[in-house]
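These notes are about the structure you will find just below.
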Amino acid sequence: MATESTLSPPAPLDLGRMEMEAKETAKKHIANLLQRPEQLERVDQYKRRISRKKASVDTMLKTAVQSQLDGVRTGLNQLQSALQDVYEIKQRLGEVDDAYKSISPLHTKLMDLKKENTRYCQLASAMENLKHIFTAPEIVRKTEELISEGKLLQAHKHLSDLEQSRDDLMFELYKQPQQSPTDNNTLEKYFRDVINLSEQLGKQLWVIIQRTLMSVRREPTLIVTALRIIEREERTDEFYLKRKAQTGFIPPGRPKKWREKCFSILEESICSRIEGNQFEDRSINKMWLVRHLEVTRQLMLEDLKVVKQMLPPIFPPQYNIVKKYVQMYHRALASHFQEMIQQGLEGNEIVTLLQWVGIYNSPELMKHPALDFDTKEYGPLLENSAIDELQNQYLKTMKLNIMEWTKNSLTQDQKDWYKEEHPDADGDGYYSTSLPVIIFQMMEQNLQVAQMIGEDMVKKVIELFTDELSHYAKEYKGAIQSYRDRHLQDRSEPKFYLHYMIANTNNCISFGEYMTQLRKRYFKEELDNKDEFCIRKDRFQTLTDEFNRIGSFGANCILEEVFIDLKNIKCFEELMTKQWQQSSHPVEVICATWNDYSVDFVHLKPVFHTIVVEEGQRKVLQEYLKALLSKKLSFKTYEERKIAAEKICKESEQMGALFHKYTNKTEPMQLPITEDMFQVLPMLAEVLRLRDSSMMSLELTVIYMCSMSKRIQIAKTQK
């Protein structure tokens, strides 16, 4: 619709209406000018102004109309000229059409001439290459001599001439409407030595390219010569590829792609240098990989320094040789490492490889001040999956080693428990065996190796160690249990049973302290962010608690020895008997036996020493109370009860003083029950002093309630 309205003829002008509108507008304008009487005096002035404006508008209209008329006149003249040109072109096209129809039979008449012309062109080409055709064997021989003499530029010139002659002749044959396979075969057979010459020249070039890093310091001109020849061949390849796109013809052996071959040779030489510095294998030297990787690092540093400093002036800029060399070294290393992984790495060889990969992008190699290369765009040297697989393989090997080491260590330590001599003591006189030291040394060695790989590996090793040590704790407790059972069968064997039981109990504290050290050393930040409940539940504290339980079991075994002797002497059975009334023998035996064992208890570390003393007096008190309440002894008179009560009070003080004497006073954590435990005996003695025997049951109930309250208080204190 818009197009139709644009092309429709304009509406005719309504001059009468326009005149009326103009008069109305003029009336309004005059009315505006003559609104006040004093404005009538300026009528002449208004008339002159309007007259000047009208004259100016008339002049502008005349000028515009004149310009439009000139443009129309010029357009008409151009249309007239164009019409004449069209008539002339039409006439000429008619003449050309008539002429073309008249010369159409000439195609048949000139066919013989066309054939003669084709033959003439072929002969002309043959004449141009006649020199090379007849002298081809001589040129081949001379080119071979030049190649053997190292005159490669001259040899390449002769080779190019021979190839040019062959290719031109083959192209002429290709252009013939009817191609003859015989002619093509004849040419290829005649020039077959040309392909051999190209291969010989290529071999010489590849030898030079292969020795680039060596030649650049001695004879850089050799590399320049080789690169000039390679670039000439690249330009020739481009020429024939363009011709192939136009005509479909390409000579045999093209494109040669010598630039691509050049980079391939460089990469092969890099791979050979990396593989060639492996002088030995695992069967000859267990440190073969350490030596191989260190030699590789030094070789790379030397090579890449030469590449960065000396190759850019020699190689063409488009080769981007420094970046290309770094990329080729990166690929060669990645391929070499992948091959080593597939062949299988063992134990510390995995650590050696992962450590080397870790320093690859450090100042020790790629970020060396003389290099400062960024290899991120080439991808990782080892994929994350390969690194994870190696780490898992290493952890599996370490797990087996830890299991074997701990088992062997425990077996050897068990043999030491039966020695006819005391266990070793530290500077404070506390017994211990070599077992914790062996385990800790093994762990520290593995941690040092893991630190070479990274912090993540350290944490994985610690987690593995804690898991395996948890299993080991069960085996350790089983070994202590077996040691105790065997001793109970014949208490004369082993001779130093008590001493080695003390040593094993102390070992448990060493294990717990080492766990605490590991947690503070490697998990300090996590430890600071944990609340007390989480700390109690983590693997370190769980393992510490496990060894504390084993230590408590050892402390019970130690205390068991004391009470087996006391029971064998039957001193507890003599309490509250007629013999007890007449003699202090039972308590004196108890004190003497404890004094005897306390000589060995001083070799216990403070924590378990306190536990043994506390548990010892609890058991003594328990046996004493059992005898007191067993009604083995009946009192007929108040005097007998009074004498028994005084004896109980005396023995209570005697036993309390005994255990208080052997309490570890250097240990800051004192248990309140240590001093108050025998205070129950005087309370019972007061019951015996009562003259009214009917009140005894009530007093015993009160004493029992007090005793229970005190136990609850002690339990809360221990927690």
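All residue numbers in this chain count up from 1 along the given sequence.
In this structure a side-chain-to-backbone donor-acceptor pair under 3.5 Å is present from Asp426 to Asp428. When atom types are taken as modelled, the side chain of Asn392 and the backbone of Asp388 share a donor-acceptor pair closer than 3.5 angstrom. The backbone N or O of Arg486 lies less than 3.5 Å from no partner atom in the side chain of Asp490, so there is not a single donor-acceptor pair. Using modelled atom types, no side-chain atom of Asn506 and backbone atom of Ser432 make a donor-acceptor pair closer than 3.5 Å. Side chain of Asn408 to main chain of Trp405: no donor-acceptor pair is present (N/O by atom type, distance under 3.5 Å, no hydrogens or angles). Proximity of a side-chain donor or acceptor of Ser470 to a complementary backbone N or O of Thr466 within less than 3.5 Å is not detected.
Ring-plane geometry between Phe465 and Tyr514 is classed as perpendicular, the angle between the planes exceeding 60 degrees on a 0 to 90 degree scale with a lower cut at 30. Ring geometry for Tyr472 versus Tyr476: interplanar angle under 30°, hence parallel rather than tilted (30 to 60°).
With Glu280 as the partner, the side-chain hydrogen bond (donor to acceptor under 3.5 Å, both in side chains) test is satisfied by one option alone out of Arg291, Lys286, His292: Arg291.
Under a 4.0 Å N-O distance rule, the pair Lys460/Glu463 does not qualify as a salt bridge. A salt bridge links Lys419 with Asp416: at least one charged nitrogen is closer than 4.0 Å to a carboxylate oxygen. A salt bridge links Arg297 with Glu294: at least one charged nitrogen is closer than 4.0 Å to a carboxylate oxygen.
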- [ ] Would you check, one step at a time, whether the test ring pair (Phe, Tyr, Trp, His ring centres under 6.0 Å) holds for Tyr418 with Tyr483?
- [x] CA-CA 9 Å; Tyr418 295 92; Tyr483 186 58; 5.4 Å; yes
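Atom CZ of Arg521 sits about 6.5 Å away from atom CG of Leu447, to the nearest 0.5 Å.
For Tyr500 and Tyr431, the distance between ring centers is not under 6.0 angstrom.
Under the rule for a side-chain hydrogen bond (donor to acceptor under 3.5 Å, both in side chains), Ser409 has no partner lying at least two apart in sequence or in another chain.
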